Number of protein chains: 2
Amino acid sequence: MSAKAKLRREMSAGSPSSSSLGDSLARQVGSKRTTPGRGHDPELTRQNILAVATKEFAEKGYSGARVDEIAARTNTSKRMIYYYFGDKEGLFVTVLEEAYRRIRQIEATLDLAHLEPEDAIRALVGFTFDYQNSNEDFIRLVMVENIHQGVHLARSRAIQDLNVSVIHTLRDIYDRGVSQDLFRKGIDEIDLHMTISALCFFNVSNRATFSQIFKRDMTAPEMLAKRRETVIETVIRYLKK
Amino acid sequence: MSAKAKLRREMSAGSPSSSSLGDSLARQVGSKRTTPGRGHDPELTRQNILAVATKEFAEKGYSGARVDEIAARTNTSKRMIYYYFGDKEGLFVTVLEEAYRRIRQIEATLDLAHLEPEDAIRALVGFTFDYQNSNEDFIRLVMVENIHQGVHLARSRAIQDLNVSVIHTLRDIYDRGVSQDLFRKGIDEIDLHMTISALCFFNVSNRATFSQIFKRDMTAPEMLAKRRETVIETVIRYLKK
DNA sequence: ATATTAATGTACGAACTAGTTAGTTTGGTC
DNA sequence: GACCAAACTAACTAGTTCGTACATTAATAT
């Protein structure tokens, strides 16, 4: 029996809410089966490949990632990677797309409109910090894409649309802050977004070199909490009158 | 005649101050010949390899860089890379070491002690911003090293020592600021350094994705000048009472 | 039942890639 | 001018890596 068949069996047999739900995405994706009872399950196969590929690309970069290695960790074969994604680049683009989609999707549910401007900023920055810190894969994929001059992102219309919404949210909060005479005038929202991104991103992206040079474990909870406060405080102080 | 021999000839013949000084480092390094008149010039060869390798690693990442490609762009042969640097990793470690050495060396000449605390911070942040923006290679090498979890940096005692001095400079300025009642108490200097680094680094490291998503040319002079001001202002506002 | 299409597995190959082998050139020394 | 060590080269090797040709199985429509 193939590994794929084994996975199928595990999913159809046993309790409906799988006990292995806590397992890594790479081993079993959370998506519901599109067509229960089918021997062939394209969506499951696709998701399984994507989950494994995300790990591999985030860990080793685009050039360092090996298609054979991804295939080996999959419940299916290398042939399926080429069947669904065309080539290594197509696979990477999809991985990147999905990663962006995930963060923007959660971000969209934040509902900051009902908060006071300062609290809204605190919430947004706090969320960004937390999300990026607990989703190192996303950060690393973005780093990898930047090393490659954004050539893959350029090929994906989808990603570009996704990201503009953040700016609208930010603009809304900022405008309210200005009209309440809390925030300074003349601040550009993209500039502000950049400041927030920079402060949150660096913490994860430069973990390795920074912690080695300054002997600090940047993943330690106390460290993280302190840094989180600093980042929020920095942004607030930049905005306030 | 070999390419190497050609280069030698170009350097020994002609005017003493070479007219090709403006050429890329990759084609001719600035170092003086250690042993004038020799057909073999080890230091020149070494520097030539390093200059080419710096470009290649910065451009394509560690795994994406090709030893053969580096060799081809060199005035010497692939064998010499292995002769002087052992292997690909040894070459990368040396490239990284040299890149860190360059920035810290210039940084050390800044002489901020005679400036008022606020001006000193402005000068330091301004310098960091300018240096990082005009030395994209350095930023990219650090990104590459972070993608690889800092394994190469770990092997280099030299780099780690180099970086501690920044913290002392920062501590000195900060302490003066606090005793003059200009800066808030209780700010950790490594935390402060991280904020400065984050704000300056991101501008270069995430250029590709950021500018593509938000349609901004982050290398445009006006853009750069504006961002520079924002970064300095952000740091100052974080420090001030 | 049967034809048709979608999904999948196996095995392989052409091109590439880090590193090496075996030898040559160069300038200085005795 | 014979000899030596450092600097250097061309060609090669062993292993890797992306991608594909070909065969097969499962699902769906008729």
Side-chain angles (χ1 to χ4, degrees), chain A residues 1-9 12 33-50 52-53 56-57 60-93 95 148 152, chain B residues 1-9 11-12 33-50 52-53 56-57 60-95 148 152:
Chain A
M1 179 168 62
S2 74
K4 176 73 190 307
K6 194 145 80 185
L7 176 68
R8 267 201 313 277
R9 181 173 295 196
S12 50
R33 315 183 49 177
T34 45
T35 41
R38 278 177 83 185
H40 285 176
D41 196 336
E43 192 49 30
L44 183 65
T45 301
R46 245 185 71 98
Q47 292 300 322
N48 178 236
I49 292 171
L50 280 178
V52 175
E56 176 85 0
F57 281 125
K60 314 211 187 126
Y62 178 78
S63 309
R66 299 288 166 243
V67 177
D68 283 305
E69 183 65 27
I70 294 170
R73 292 196 201 160
T74 291
N75 297 311
T76 180
S77 68
K78 182 161 67 153
R79 180 69 187 78
M80 286 298 96
I81 293 173
Y82 288 93
Y83 184 68
Y84 285 115
F85 305 100
D87 57 11
K88 191 182 178 181
E89 255 188 285
L91 178 59
F92 183 73
V93 170
V95 162
H148 291 269
H152 307 102
Chain B
M1 181 167 60
S2 72
K4 177 73 190 305
K6 193 146 78 188
L7 177 67
R8 268 200 313 274
R9 180 174 296 199
M11 293 205 72
S12 49
R33 317 181 50 175
T34 45
T35 42
R38 278 179 82 183
H40 285 176
D41 196 335
E43 192 50 29
L44 183 65
T45 302
R46 244 185 71 97
Q47 291 299 322
N48 178 237
I49 292 170
L50 280 178
V52 175
E56 175 84 0
F57 281 126
K60 313 210 188 128
Y62 178 77
S63 309
R66 298 289 167 242
V67 177
D68 282 306
E69 184 64 27
I70 293 170
R73 292 195 201 162
T74 292
N75 297 311
T76 181
S77 67
K78 181 160 71 151
R79 185 65 187 82
M80 284 299 96
I81 294 173
Y82 289 92
Y83 185 67
Y84 285 115
F85 304 100
D87 57 11
K88 192 182 179 182
E89 256 189 285
L91 178 60
F92 183 73
V93 170
T94 311
V95 162
H148 291 270
H152 307 103

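Chain A is the first sequence line, chain B the second, and so forth, proteins listed ahead of strands; every chain is numbered from 1. As the structure is a prediction and not an experimental result, all values here were calculated from the model.
Distance, A:Phe85 CZ to D:dT20 P: 16 Å, rounded to whole Å. As a whole-Å value, the separation of B:Ile49 CD1 from D:dA7 P is 12 Å. Atom-to-atom, CD1 of A:Ile81 to P of C:dG9 comes out at 11 Å; the value is rounded to the nearest Å. Nucleotide D:dT17 holds its C1' atom 13 Å from the NZ atom of A:Lys60, rounded to whole Å. Atom CD1 in B:Ile70 sits about 11 Å away from atom P in C:dG19, given to the nearest Å. Taking atom CZ of residue A:Phe92 and atom P of nucleotide D:dG19, one finds them 14 Å apart after rounding to whole Å. Distance A:Met80 CE to D:dG19 P: 16 Å, rounded to the nearest Å. Computed from coordinates, the A:Asn48 CG to C:dT8 P distance equals 11 Å when rounded to whole Å.
Counting only heavy atoms from C-beta outward, the side chains of A:Leu50 and A:Val95 approach each other to under 4.5 Å. The shortest distance between side-chain heavy atoms of B:Ile49 and B:Met80 falls below 4.5 Å.
Of the residues near DNA chain D, B:Arg79 and A:Gly86, the one whose nearest nucleotide (by heavy atom distance) lies more toward the 5' end is B:Arg79.
Within the structure, salt bridge (Lys or Arg N to Asp or Glu O under 4.0 Å) pairs that include any residue of residues 79-94 of chain B comprise B:Glu89-B:Arg155 (at least two apart or interchain).
B:Asp68 meets the salt bridge (Lys or Arg N to Asp or Glu O under 4.0 Å) test with B:Lys78; sequence neighbours excluded.
Checking the phosphate oxygens (OP1, OP2) of D:dA7, no side-chain nitrogen or oxygen of B:Thr76 falls inside 4.0 Å. Distances shorter than 4.0 Å separate none of the side-chain N or O atoms of B:Ser77 from OP1 or OP2 on D:dA10. Residue A:Tyr84 places at least one side-chain N or O closer than 4.0 Å to OP1 or OP2 of C:dT8.
Atoms CG and CD, on B:Asn48 and B:Glu43 in that order, are 11.0 Å from each other to the nearest 0.5 Å.
Among all heavy-atom pairs drawn from A:Ser63 and B:Lys60, the shortest one is OG-O, 4.4 Å.
Classification of the A:Phe92-A:Phe57 ring pair by plane angle, with boundaries at 30° and 60°, yields perpendicular.
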Pull out every protein N or O sitting under 3.5 Å from an N or O of nucleotides 14-18 of chain C, one pair per line with the distance.
unit_1: C:dT17; atom_1: OP1; unit_2: B:Arg66; atom_2: NE; d: 2.6
unit_1: C:dT17; atom_1: OP1; unit_2: B:Arg66; atom_2: NH2; d: 3.3
unit_1: C:dT17; atom_1: O5'; unit_2: B:Arg66; atom_2: NE; d: 3.3
unit_1: C:dA18; atom_1: OP1; unit_2: B:Ala65; atom_2: O; d: 3.4
unit_1: C:dA18; atom_1: OP1; unit_2: B:Arg66; atom_2: NH1; d: 3.4
unit_1: C:dA18; atom_1: OP1; unit_2: B:Lys88; atom_2: NZ; d: 3.2
unit_1: C:dA18; atom_1: OP2; unit_2: B:Val67; atom_2: N; d: 3.1
unit_1: C:dA18; atom_1: N7; unit_2: B:Lys78; atom_2: NZ; d: 3.3

